[in-house]
Amino acid sequence: MTLPVQATSLDVRPIDALLDALARGQPVVLTALEDAALVLPAAEAPTAALAFVIRHSSGLVGVALPGDRCDALELPPMRPSFRHDDQRGWCVAVDAANGVATGISATDRAETIRRLAHRDTRPEDLNRPGHVLPYATRPDGVFGVPEASVELCLRAGLPAAAAFAALVSPEDPTRMATPGEAAAFAATHGLPLLDSAAAGRSGIPRDASCRALSAAGSGERHPT
């Protein structure tokens, strides 16, 4: 499967191309010190795009959310000692409580991901355990892929929720991709690429509408 990606002008800054892709619900690549991840805006999460992410990743799909949003959705921590206010990390996996079948397909997981991003979703709208893993982020501390993903979605004018999955090496499927391999993968598939640390120092002001959109949820968008 080849995912259709809208071409961008060569004179567009990488950060601008990445924000534009996120705003259109397209996947992007974020690198870290030793690995990389495919990222989608959770509010959009088109099924075809998520299927692409699953195919080229570990298959374990997380959704980065602010810690207080995880608390509001009553998403219990994966570890009993975990506390959103002083640590960050994985929460118990969830599925949408309705509108899905087994919960594991790309279609079902896309639905659950969109529910996690929507402001009207309540704790009872999610079943626990499930097949999508929420990840509670912190506004400070280590700025890794989950935190960068949320920040970039906000800067793209989207809700503060991002789906992400670790990219598998295109050269050796028994290990995860290195940043160099991620760059080659992004070039092959026409995906924007950014170092996750750069998201915290990009200095791009959010539009005035971003704060409203981050709390407003989003309608679904599906590929044609």
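- With sequence neighbours excluded, no residue forms a salt bridge (Lys or Arg N to Asp or Glu O under 4.0 Å) with Arg122.
- Criterion: ILVMFWY side-chain heavy atoms under 4.5 Å apart, direct or through other members. Under it, Val100 and Val61 are not part of a common hydrophobic cluster.
- His189 places no side-chain N or O within donor-acceptor distance of the main-chain N or O of Leu191, the cut-off being under 3.5 Å.
- Checked against Asp95 for a side chain to side chain donor-acceptor pair (under 3.5 Å), the options Arg128, His131, Arg109 give a single hit: His131.
- Side-chain contact check for Val63 versus Arg115: every heavy-atom pair is 4.5 Å or farther apart.
- In this structure, Asp108 contributes its side chain and Thr102 its backbone to a donor-acceptor pair below 3.5 Å.
- Scanning all heavy atoms of the two residues, the minimum distance from Trp90 to Gly62 falls at CZ3-CA, 3.8 Å.
- Residue Ile104 is not grouped with residue Leu60 when hydrophobic side chains (ILVMFWY) are merged at heavy-atom distances under 4.5 angstrom, including chains of intermediate members.
- Within the 3.5 Å criterion, the main-chain N or O of Leu65 finds a donor-acceptor partner in the side chain of Thr137.
- Side-chain atoms of Ile15 and Leu152, non-hydrogen and from C-beta on, do get closer than 4.5 Å to each other.
- Partners of Asp172 according to the side-chain hydrogen bond (donor to acceptor under 3.5 Å, both in side chains) rule, which considers only residues two or more places apart in sequence or in another chain, are Thr174.
- Of all heavy-atom pairs between Thr178 and Arg175, the closest is CG2-NH1, 3.9 Å.
- Considering all non-hydrogen atoms of both residues, Ala161 and Ala117 come closest at CB-CB, 3.7 Å.
- The hydrophobic clustering, which links ILVMFWY residues whose side-chain heavy atoms are closer than 4.5 Å, places Phe185 and Met176 apart.
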Below 3.5 Å, can you tabulate the donor-acceptor pairs from side chains in residues 28-39 to any protein atom, sequence neighbours excluded?
none

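- Under a hydrophobic clustering in which Ile, Leu, Val, Met, Phe, Trp and Tyr are joined whenever their side-chain heavy atoms come within less than 4.5 Å, directly or via other members, Leu193 and Leu40 fall into the same cluster.
- Atom-to-atom distance recorded for Asp125:CG and His118:NE2 is 10.5 Å, nearest 0.5 angstrom.
- Linking ILVMFWY side-chain heavy atoms closer than 4.5 Å, directly or via other members, places Phe164 and Leu19 in a single hydrophobic cluster.
- Expressed to the nearest 0.5 Å, how far OG1 of Thr121 lies from CZ of Arg69 amounts to 6.0 Å.
- When every heavy atom of Gly99 is checked against every heavy atom of Glu111, the shortest pair comes out as O-CG, 4.3 Å.
- Shown here for Ala96 and Thr112, the closest heavy-atom pair between the two residues is N-OG1, 2.9 Å.
- To the nearest 0.5 Å, atom CD of residue Glu124 and atom CG of residue Leu73 are 10.0 Å apart.
- Residues His56 and Leu167 meet the side-chain proximity criterion, which asks for heavy atoms closer than 4.5 Å.
- Contact between Ala156 and Ala23 at its shortest, heavy atoms only, is O-CB, 4.1 Å.
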